[in-house]
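First the structure, in the form of structure tokens, and then the observations on it.
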2 protein chains.
Amino acid sequence: MATISDVAKRAGLSRTTVSRVINQHPYVSEDKKKLVEQAMLELKYVPNSNAQKLRKQSTETIAVYVPRLTNPFFSQLVETMEEVAVEEGFQLLLCQTRYNKQQELNYMQILKGKQIDGLILTSMENPWSEIEPYLLYGPIVLCNDYDYSARVPIAHLDQVMGGYIGTKHLIDRGHEVIVYCSSEPGISRVSKDRQEGYIKAMQQANLKIRPEWMFSDQFTVEGGKRLFYRIHHQKDRPTAIFTGSDEVAAGLIHEARKNGYRVPEDLAVIGFDDQPIAELMGLTTVKQPIDRLGKTAMELMIQQIKSKKMGDARRVELPFELIIRETT
Amino acid sequence: MATISDVAKRAGLSRTTVSRVINQHPYVSEDKKKLVEQAMLELKYVPNSNAQKLRKQSTETIAVYVPRLTNPFFSQLVETMEEVAVEEGFQLLLCQTRYNKQQELNYMQILKGKQIDGLILTSMENPWSEIEPYLLYGPIVLCNDYDYSARVPIAHLDQVMGGYIGTKHLIDRGHEVIVYCSSEPGISRVSKDRQEGYIKAMQQANLKIRPEWMFSDQFTVEGGKRLFYRIHHQKDRPTAIFTGSDEVAAGLIHEARKNGYRVPEDLAVIGFDDQPIAELMGLTTVKQPIDRLGKTAMELMIQQIKSKKMGDARRVELPFELIIRETT
DNA sequence: GTAATCTATGAAATCGTTTTCATAGTCCGA
DNA sequence: TCGGACTATGAAAACGATTTCATAGATTAC
């Protein structure tokens, strides 16, 4: 494999000059530049990026932590992030925490080892205080999940509002017994706040809230199905359900219909996210602008890397949109 | 940030000995080892991974090229691959080609620049002859998409068979006018072979094949909807459709029902992949073992990296499974 | 006409590791 | 008791780039 020295030798110049051509420094004469380019072409030379990273102390690589990719919310988030990153000349290292505290912390070594220029967290399995120390080693941006005590850029939605909007819609439709199902396992602020929004809306309407109406352990299509049977067998059956994702809603509706329920007459269901499946099923849902969320987070990251300033804790809050279809 | 020299100084030993401890070489006495570990702890030392990569000439990083992540087939594939990679001590660099020839070639610089130890292609936008030269720079493994002339490890399914199974099932159900819809844009062998399987089954049954019964431009839920209207307005309306993915099938069925079609009585539909949505919609489908596919490909890659032997063109072919539900 | 600035180039230091080579003491068998 | 094998350590070279510093000719400014 050709090195920069080989190129220099071939062009009859020094390594310095070759490096200047590669990095488009000024002060290289046109004719020498041509010579170098010719030599690089002949030798099929490509700079060794590990050497570059070591010397430049920058890697043009950003890591994204997601719980798991089969959750469409996160795969769409990552898709957008990769697109923005590449446009700006960065690459994406993908890390799945699998909702696991330890896994998340293990991955932190990547930041410590200078392997990446920055880190985007889309969910946090550990409290911010566990993560904060790593800020020493490089910039961190929060996306989706958040913690207001964190002094880092954040792109997110006000999930209290999200929970409120959805619940309020069900209340407006005349429902009084409403079940809430959270979106994620773990200590995520997203779940906590969204549930707070649910509670707020219920209280405002003077409706009862009961622990057995709040679920926090079902997150997939399968989970939605299980959720249905839990409800189905309850004494005080709810008339409406606020689910943490469109997938849970879809699974739930599927199973409900199979058991002779009419939706929304016997059971109203509202989803969350507005994934393709929502339109397909005619699902009323609280839409999250996932693309804008991912784009914003990545841009905040890149700005921070390029400006080399840490500590500009800009917070960008994006809006929800209630999409009313046929399940409420 | 502490370097290996700092650690060495603090422990009163040489860099060499510290390096030996880090890499668990033999021939380090217990007491010196303790000293080094103590020093590393005190200084919160973490090796600079770019320096390691440069010196070791290996990066413990594998790149995966996918067209795009919002296609659930690919996000599931990547999810599995990441899991296997991490288990074996590797990391995953994610690259989306967006079905774009040039993008795919651009990304090839990553391999040339020694930034990764190997490359897994899940789809090919360029003919193998364009890609082959890059083998010089590191191992390549094909996954899902394939080209029999490529002398590299391949994990895939016999898509001719896949197309045949699905079509045969429709024929067995008594259908004679069957539309085929391919799974991907571009020159992918997957599409070509699957279509060949369709043709084979049709010919075996002495059924007519017409160009206007073959579509190759719709790949999403939205695409499925558009596909429905194309068919809806045709003169010789088909009674059955073989779609390239469950999503297309889902969109199509949704739109068909909206227009008063009964499925499968007026229009039978078979999907491909067996994604969660397929069960949800009661969709008959040709199941691909995506997890096994991803796992196998990653294992083939890691074996090749670890053995340092190139050119063992092992081919692993996994089986389809026909899942019959209610849409055929 | 001279000092200051700009342009163009290369030698050598540097980034932070691992690897090679050299050295020396210990142990063991004949 | 001698020689080979094993254990333990460190100095210096190597990985392949970029950056700093030095130098020198060309140009500009007054």
Side-chain angles (χ1 to χ4, degrees), chain A residues 1-37 39-40 43-61 109-117 137-138 308, chain B residues 1-37 39-40 43-61 109-117 137-138 308:
Chain A
M1 203 100 340
T3 73
I4 199 173
S5 297
D6 300 330
V7 175
K9 205 170 290 171
R10 180 138 194 156
L13 293 162
S14 72
R15 296 205 304 268
T16 313
T17 303
V18 176
S19 172
R20 287 206 177 93
V21 172
I22 294 171
N23 294 284
Q24 305 175 56
H25 279 304
Y27 303 154
V28 182
S29 64
E30 267 312 308
D31 50 338
K32 309 272 151 122
K33 193 172 156 193
K34 284 270 185 308
L35 278 175
V36 169
E37 280 164 352
M40 299 205 317
L43 295 171
K44 296 185 181 180
Y45 168 76
V46 175
N48 179 308
S49 57
N50 297 127
Q52 289 182 314
K53 288 176 184 174
L54 173 58
R55 182 62 242 227
K56 286 191 178 168
Q57 299 284 58
S58 101
T59 65
E60 322 270 82
T61 305
Q109 300 306 314
I110 294 177
L111 186 58
K112 269 193 157 183
K114 292 271 169 219
Q115 205 178 135
I116 52 173
D117 290 347
Y137 305 98
K308 280 166 195 162
Chain B
M1 203 105 334
T3 73
I4 199 173
S5 297
D6 301 330
V7 175
K9 205 170 292 171
R10 180 145 198 148
L13 293 163
S14 71
R15 295 204 305 268
T16 313
T17 303
V18 177
S19 172
R20 286 203 179 95
V21 173
I22 295 171
N23 295 283
Q24 306 176 52
H25 277 304
Y27 303 154
V28 182
S29 63
E30 268 311 310
D31 51 338
K32 310 271 153 133
K33 195 173 155 191
K34 285 270 185 305
L35 278 176
V36 169
E37 279 164 352
M40 297 204 316
L43 295 171
K44 297 187 181 179
Y45 169 75
V46 175
N48 179 309
S49 58
N50 296 127
Q52 289 183 312
K53 289 176 184 174
L54 173 58
R55 181 64 244 224
K56 287 190 178 169
Q57 298 285 59
S58 99
T59 64
E60 321 271 83
T61 304
Q109 300 306 315
I110 293 178
L111 187 58
K112 270 192 155 184
K114 293 270 170 217
Q115 206 178 135
I116 52 173
D117 290 347
Y137 304 99
K308 281 169 193 161

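Residue numbers start from 1 in every chain, and the chains themselves are labelled A, B, ... in the order their sequence lines are given, proteins ahead of strands.
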Counting heavy atoms from C-beta on, name the nucleotide in [options] closest to the side chain of [X].
| X | options | result |
| --- | --- | --- |
| B/Thr17 | C/dT14, D/dG10, C/dT18 | D/dG10 |
| A/Ser19 | C/dT17, C/dT18, D/dT18 | D/dT18 |
| A/Gln52 | C/dT9, C/dT18, D/dA17 | D/dA17 |
| A/Ser29 | D/dT9, D/dT18, C/dT9 | C/dT9 |
| B/Leu13 | C/dA12, C/dA8, D/dT9 | D/dT9 |

A/Ile22 vs A/Ile4, side-chain contact (heavy atoms from CB on, under 4.5 Å): CA-CA, chis, key distance, verdict: CA-CA 10 Å; A/Ile22 294 171; A/Ile4 199 173; 4.1 Å; yes
Identify whether any heavy atom of [X] sits under 4.0 Å from a base atom; if not, whether one sits that close to sugar-phosphate; answer base, sugar-phosphate or nothing.
| X | value |
| --- | --- |
| A/Asn50 | nothing |
| B/Lys114 | nothing |
| A/Lys32 | sugar-phosphate |
| B/Thr3 | sugar-phosphate |

Could you check how far [atom1] of [X] sits from [atom2] of [N], rounded to whole Å?
| X | N | atom1 | atom2 | result |
| --- | --- | --- | --- | --- |
| B/Lys53 | D/dA17 | NZ | C1' | 15 Å |
| B/Gln115 | D/dG16 | CD | C1' | 15 Å |
| B/Gln24 | C/dT18 | CD | C1' | 15 Å |
| B/Asp31 | D/dA8 | CG | C1' | 10 Å |
| A/Glu30 | C/dT9 | CD | C1' | 16 Å |
| A/Arg20 | D/dT20 | CZ | P | 11 Å |
| B/Ile22 | C/dT19 | CD1 | C1' | 14 Å |
| B/Leu43 | C/dG16 | CG | P | 14 Å |

Nearest heavy-atom neighbours spanning A/Tyr27 and A/Arg20: O-CD, 4.4 Å
Heavy atoms only: give me the nearest B/Ser5-B/Arg15 pair and the separation to one decimal.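 Smallest interatomic distance, heavy atoms only, reads OG-CD, 3.1 Å.
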In terms of the nearest nucleotide of DNA chain D, which residue is placed more toward the 5' end: A/Thr16 or A/Met1?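 Upstream on the strand: A/Met1.
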Earlier contact from the 5' end, DNA chain D, for B/Ser14 and B/Arg55: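 Between the two, 5'-proximity favours B/Ser14.
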By nearest-nucleotide position on DNA chain C, the 5'-leaning member of B/Leu54 and B/His25 is B/Leu54
Are the side chains of B/Asn48 and B/Thr3 in touch, meaning some heavy atoms are under 4.5 Å apart? no
Taking only N and O in the side chain of [X], is any of them less than 4.0 Å away from OP1 or OP2 of [N]?
| X | N | value |
| --- | --- | --- |
| B/Asn23 | C/dT18 | yes |
| B/Tyr27 | D/dA8 | no |
| B/Gln57 | C/dT18 | no |

Can you tell me how far NZ of B/Lys33 sits from CD of B/Gln24, rounded to the nearest 0.5 angstrom? 7.0 Å
Could you give the distance from NZ (B/Lys53) to CG (A/Leu54), rounded to the nearest 0.5 Å?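 Interatomic distance, B/Lys53 NZ to A/Leu54 CG, rounded to 0.5 Å: 11.0 Å.
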